[in-house]
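Read the structure below first, then the notes.
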Amino acid sequence: MRLDKFLKVSRILKRRTVAQEACDGGKVDVNGKPAKPGCQLKVGDFVCVHFASANLTFRVKMLKETVKKDEAAEMYEIVTTL
């Protein structure tokens with residue numbers, strides 16, 4: 001699954017265009033390397049999103065094209081928030 005779509009489906013970022021802009025701006029790393037919006041995620045990958053005031057690092061647990069709002073948090077496991 002594409003990184004920008006995962007960020008949107010899992011509701012980490014609100015819209016896919018916001019996810020694309022974050023990736024293009026160098027604010028998203030996958031396994032410690034800067035990632036483009038089209039980066040293919042796999043289960044077990046570590047993703048770090050750099051927000052203005054904090055960083056969110058999580059591990060991908062599940063890849064699904066669509067999920068309900070209640071199930072979105074099951075797609076990832078938060079590792080650290082700084």
Side-chain angles (χ1 to χ4, degrees):
M1 173 183 282
R2 287 176 54 108
L3 174 59
D4 57 346
K5 184 164 185 175
F6 179 85
L7 292 171
K8 187 250 185 220
V9 170
S10 64
R11 291 173 171 79
I12 291 170
L13 294 174
K14 191 168 185 163
R15 292 186 310 265
R16 192 163 175 181
T17 54
V18 173
Q20 290 171 340
E21 291 168 2
C23 293
D24 288 335
K27 297 181 189 279
V28 182
D29 299 334
V30 174
N31 296 326
K33 298 177 183 174
K36 298 287 183 188
C39 173
Q40 292 296 316
L41 287 182
K42 300 179 295 286
V43 173
D45 283 345
F46 286 91
V47 180
C48 181
V49 181
H50 307 283
F51 293 104
S53 61
N55 294 333
L56 172 67
T57 304
F58 59 91
R59 184 179 62 85
V60 178
K61 288 175 49 178
M62 167 177 44
L63 298 172
K64 281 185 153 182
E65 293 295 318
T66 58
V67 294
K68 294 181 180 178
K69 184 178 179 180
D70 300 338
E71 300 170 348
E74 296 173 10
M75 294 182 69
Y76 58 91
E77 173 185 17
I78 295 177
V79 178
T80 60
T81 56
L82 300 173

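These figures come from a predicted structure and were not determined experimentally. Start at 1 with the first residue, then count along the sequence.
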In the structure I gave you, are the side-chain heavy atoms of [X] and [Y] within less than 4.5 Å of one another anywhere?
X	Y	result
L63	V43	yes
Y76	K61	no
F58	V49	yes

With a 3.5 Å cut-off and sequence neighbours excluded, list the donor-acceptor pairs that the side chains of residues 18-25 form with protein atoms.
unit_1	atom_1	unit_2	atom_2	d
Q20	NE2	D4	OD2	3.0

How far apart are the closest heavy atoms of [X] and [Y], and which atoms are they?
X	Y	value
K8	R15	CG-C, 4.0 Å
M1	Q40	N-OE1, 3.3 Å
D29	H50	OD2-NE2, 2.9 Å
L3	V28	CD2-CG1, 3.6 Å

- Message: Against V9, only a single residue in K64, E65, R2, M75 fulfils side-chain contact (heavy atoms from CB on, under 4.5 Å); can you say which?
- Response: M75
[atom2] on [Y] to [atom1] on [X], rounded to 0.5 Å:
X	Y	atom1	atom2	value
L7	I12	CG	CD1	5.5 Å
F46	T57	CZ	OG1	9.5 Å
C39	D45	SG	CG	7.0 Å

- Note on the structure: Residues at least two apart in sequence or cross-chain that pass salt bridge (charged side-chain N to carboxylate O under 4.0 Å, His left out) with K27, listed by chain then number, are none
- Item | Partner set under salt bridge (charged side-chain N to carboxylate O under 4.0 Å, His left out) for R11, not counting sequence neighbours | none
